[in-house]
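Read the structure below first, then the notes.
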Amino acid sequence: MTMTEHERYHLHQQLEEVLDERGANTMMELLPPVGWADVTTKRDLDQLEERMDLRFQNVDLRFDNVDSRLDEISEITGLRFNQATENTNLRFNQAADSTNLCFDQAAESTNLRFNQAAESTNFRFEKVEKRIDAQADRIISKLLTILVPIIAVAVAFLAAMSVWGPA
């Protein structure tokens with residue numbers, strides 16, 4: 001049963017008649033300010049406790065789910081990190097192999113160019129040597145053409161001198 005303000009006022013007046021004003025005020029303060037339907041009972045508190053326990057269990061389940069998801073994410077992240085590390089190492093090794101190949105090719109190319117330059121230089125030296133030999137042959141030939149008649153005349157002169165003797 002819900003009590004109206006008018007009924008509360010009427011009860012207060014009756015209490016003042018039986019008790020004094022102070023006693024009536026004390027008794028009115030002991031009454032709930034609204035109807036009894038709004039007063040919380042032990043059963044209401046028990047039901048509230050049950051609902052709160054269920055909510056806390058739900059929160060615990062959610063935390064467990066979050067923990068397991070974080071574990072999964074951590075595991076996936078670890079796998080991805082390991083895969084990225086392996087990919088990086090593979091790429092590094094490929095780059096090192098490529099660099100070594102380029103270095104080897106550059107060394108080979110340099111050796112080839114050096115050998116070609118050496119061959120070209122040797123060829124030039126051989127040409128110069130042949131020119132010098134040809135020039136020497138021409139000089140010797142000219143000297144022989146000049147010296148042979150001179151030697152022949154000297155030999156003839158000596159032979160004539162030996163035949164006729166010194167006079």
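Note that these values count all heavy atoms, side chains included, but never hydrogens, waters or copies made by symmetry.
Side-chain atoms of Thr110 come within 3.5 Å of backbone N or O of Ala106 as a donor-acceptor pair. Formation of a donor-acceptor pair under 3.5 Å by the Asp44 side chain with backbone atoms of Thr41 is found in this model. Thr88 contributes a side-chain N or O that, together with a main-chain N or O of Ala84, makes up a donor-acceptor pair within less than 3.5 Å. Between the Thr99 side chain and the Ala95 main chain, a donor and an acceptor come within less than 3.5 Å of each other. Checking side-chain atoms of Ser120 against main-chain N and O of Ala117 turns up no donor-acceptor pair under 3.5 Å. Remark: the backbone N or O of Arg22 is paired with a side-chain donor or acceptor of Thr26 at under 3.5 angstrom.
Rounding to the nearest 0.5 Å gives a distance of 13.0 Å between CG of Asn87 and CZ of Arg80. For the atom pair Phe157 CZ and Ser162 OG, the distance stands at 10.5 Å (nearest 0.5 Å). Atom CD1 in Ile151 sits 11.5 Å away from atom CD1 in Ile146 (nearest 0.5 Å). Going from atom CD1 of Ile150 over to atom OG1 of Thr145 covers 10.5 Å, rounded to the nearest 0.5 Å. The line from CD of Gln116 to OG of Ser109 is 8.5 Å long, rounded to the nearest 0.5 Å. Taken to the nearest 0.5 Å, the OG1 atom of Thr77 stands 11.0 Å off from the CG atom of Asn82.
Taking Ile, Leu, Val, Met, Phe, Trp and Tyr as members and joining any whose side-chain heavy atoms lie under 4.5 Å apart, directly or through other members, the hydrophobic cluster of Leu48 also contains Met52, Phe56.
Within the 4.5 Å cutoff, no side-chain heavy atoms of Glu49 are placed close to those of Leu45.
Listed here is the closest heavy atom pair of Asp20 and Gly23: OD1-N, 2.8 Å. Contact detail for Glu16 and Glu21: the closest heavy-atom pair is OE2-CG, 3.5 Å.
Connection of Leu147 to Ile140 is not established within any shared hydrophobic cluster, with ILVMFWY side chains joined at heavy-atom distances below 4.5 Å, either directly or through further cluster members. Transitive grouping of hydrophobic side chains (ILVMFWY, heavy atoms separated by less than 4.5 Å) brings Leu19 and Leu11 into a common cluster. Linking Ile, Leu, Val, Met, Phe, Trp and Tyr whenever their side-chain heavy atoms come within less than 4.5 Å puts Leu30 and Leu15 in one cluster.
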Check your understanding: Between Arg62 and Asn58, is a side-chain contact (heavy atoms from CB on, under 4.5 Å) present by the stated rule, with each step listed?
Key -> CA-CA 6 Å; Arg62 284 182 170 176; Asn58 285 337; 5.6 Å; no
Exercise for review: Just do the side chain to side chain donor-acceptor pair (under 3.5 Å) check on Tyr9 and Gln13 with the steps written out, would you?
Suggested key: CA-CA 6 Å; Tyr9 178 72; Gln13 284 180 344; 2.7 Å; yes
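Within a 6.0 Å radius of CD in Gln14, other residues, nucleotides and ligands contribute more than 12 heavy atoms.
Residues meeting the side chain to side chain contact (heavy atoms under 4.5 Å, CB included) test with Asp97, sequence neighbours left out: none.
Side-chain N/O atoms of Gln135 and Arg138 include a donor and acceptor closer than 3.5 Å.
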